[in-house]
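Each remark here refers to the structure printed beneath this line.
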2 protein chains.
Amino acid sequence: MSVGRETRLSAWIERFAAHFAEEGIPLIGGRILGYLLVCQPVERTAAELSQELEASSGSISTNLKYLVNVGLVTKRTRRGRQAAEYRINEKAWTEFIQRKLNAIASVQTLTDDGMRLLSGDPERAQRLKTVDRLYGWLSEELPALWERRPAAPK
Amino acid sequence: MSVGRETRLSAWIERFAAHFAEEGIPLIGGRILGYLLVCQPVERTAAELSQELEASSGSISTNLKYLVNVGLVTKRTRRGRQAAEYRINEKAWTEFIQRKLNAIASVQTLTDDGMRLLSGDPERAQRLKTVDRLYGWLSEELPALWERRPAAPK
DNA sequence: GATCCCTTTCGGTCGACACTGAAATCATCG
DNA sequence: CGATGATTTCAGTGTCGACCGAAAGGGATC
């Protein structure tokens, strides 16, 4: 007997969450993200997420707050509805990734400061120089690459 | 009265360690890395690192093992010397950074699997598609960019 | 093989953080 | 304004991992 699509999707959500857990995003936050990327309909309330993902209301609340804060999820309230609805904000993924690239490139300021402290002693600065050159190159190329990213189609 | 170069260097090492602590490298590991990048002479024993960085022998041992394992530090033993000497391996920084870039690009396999699960329902796949397109582009461009990296001068 | 010195291993402590569930809070509707 | 149904806050629990320091382990010299 074959496994249903929804079952396989929830396994996928778990893999998705596991990946981002390695990057420091709480497991439940990752599950919310994965779930909101594939659920139908696209909007969910906190209570629904709590039930669907089998997580406490408190955890859902904390993680939604975090995700809304970094922009990956948007919150919508409607008059006449007590429950807010949450949905994925696909647009925000660009900034999310950009932050990661910037984090890598930002090491250059660090190595650069180090080089300054060692100016006047090229011998001693040699190890740092090797690293500084790499990050120097990255801090040029990564932002440049990012600018060439394709625009999202309407 | 001005601050000595060594004092400023140890402040720099601390900043350096703090940066990598955010990326998940233990504080003491980061200190070792920073210290080995700028110390004179370039090689140090575990005992020297322990004293210089005011960390326990156990922590130094654990972190050196880790750093040697990922290749950022190399261990050298010499006949007639009981103490092994550790030094920075500048070369390994390229692989270190490459792993980071790959980690970003690797999300593409995840989104791709998700797209497969949603094939046959383009409506529902739309959110994921946006994200998949971005990572798809990255998984093309990042490795390509990396290939263009300048070779380290002799 | 005994001694010396250095390194690794290991048990234990501490602090951070994710998570829970109950209580407080808030918004809507009658 | 009270009741209802939702969310947020908060105190408490458990887990995980970095760190320490003492004890065990390994080489090198005598």
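Residue numbers begin at 1 in each chain, while the letters A, B, ... track the order of the sequences.
- With a 6.0 Å radius and a threshold of 12 heavy atoms from other residues, nucleotides or ligands, B:Arg133 has its CZ atom above the threshold.
- Distances were taken from every side-chain heavy atom of A:Ala83 (C-beta onward) to each of D:dA6, C:dT8, C:dC19; the shortest belongs to D:dA6.
- Counting non-hydrogen atoms under 4.0 angstrom, B:Ile60 reaches nothing in the nucleic acid.
- If you take CD of B:Glu22 and P of C:dC17, they are 12 Å apart, rounded to a whole angstrom.
- A straight line from CZ of A:Arg76 to P of D:dT7 spans 15 Å, rounded to a whole angstrom.
- Contact annotation: A:Lys75 reaches the phosphate of D:dT8 (side-chain N/O to OP1 or OP2, under 4.0 Å).
- Remark: the backbone N or O of B:Val38 is paired with a side-chain donor or acceptor of A:Arg124 at under 3.5 angstrom.
- In this structure, B:Leu53 atom CG and D:dA18 atom P are separated by 17 Å, rounded to whole Å.
- Summarising the geometry, the separation between CG on A:Leu27 and C1' on C:dA18 is reported as 9 Å, rounded to the nearest angstrom.
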Verify side chain to side chain contact (heavy atoms under 4.5 Å, CB included) between B:Tyr86 and B:Ile32, making sure each step is shown before the conclusion.
CA-CA 10 Å; B:Tyr86 296 91; B:Ile32 293 174; over 6 Å; no

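- Within 4.0 Å (heavy atoms only), B:Leu64 reaches no atom of the nucleic acid at all.
- Note: CD (B:Glu54) to P (D:dG21) measures 12 Å, nearest angstrom.
- Exactly one residue among B:Thr62, B:Leu49, B:Asn63 makes a side chain to side chain contact (heavy atoms under 4.5 Å, CB included) with B:Ile28. That residue is B:Asn63.
- If you measure from atom CD1 of A:Ile32 to atom C1' of C:dC19, you get 12 Å, rounded to the nearest angstrom.
- Side-chain contact between A:Val42 and B:Gln126 is absent, with no heavy-atom pair separated by less than 4.5 Å.
- You'll find that the side chain of B:Lys65 is closest to C:dT9, out of D:dA18, C:dA22, C:dT9.
- A search for salt bridge (charged side-chain N to carboxylate O under 4.0 Å, His left out) contacts involving B:Arg8 returns nothing, not counting sequence neighbours.
- The B:Ala47 side chain lies nearest to C:dT7 when the options are C:dT20, D:dT7, C:dT7.
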Intra- and inter-strand pairs of DNA chain C in dot-bracket (Watson-Crick or G-U wobble, both distances under 3.5 Å; | for another strand)
||||||||||||||||||||||||||||||

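- Look at CG on B:Asn63: it is 15 Å from C1' on C:dT9, rounded to the nearest Å.
- Ion pair B:Arg87/B:Glu43 flagged as a salt bridge, since at least one NZ, NE, NH1 or NH2 atom sits closer than 4.0 Å to an Asp/Glu carboxylate oxygen.
- Using a 4.0 Å heavy-atom cutoff across all strands shown, A:Tyr86 reaches sugar-phosphate atoms only and no base atom.
- For B:Glu141 and A:Arg148, the salt-bridge test fails: no basic side-chain N is under 4.0 Å from an acidic carboxylate O.
- Contact annotation for A:Thr45: backbone-only contact, meaning every heavy-atom pair under 4.0 Å involves sugar-phosphate atoms and none involves a base.
- Counting only heavy atoms from C-beta on, B:Pro26 has its side chain closest to D:dC19 among D:dC19, C:dT7, D:dT7.
- Closest-nucleotide positions on DNA chain C for A:Arg78 and A:Ser57 were compared, and the one nearer the 5' end corresponds to A:Ser57.
- For C:dA18, neither phosphate oxygen OP1 nor OP2 lies less than 4.0 angstrom from any side-chain nitrogen or oxygen of A:Ser59.
- Comparing atom distances between the B:Ser61 side chain and each of C:dC6, C:dT8, D:dC19 picks out C:dT8 as nearest.
- Between the CG atom of A:Leu49 and the P atom of D:dT8 there is a distance of 11 Å, given to the nearest Å.
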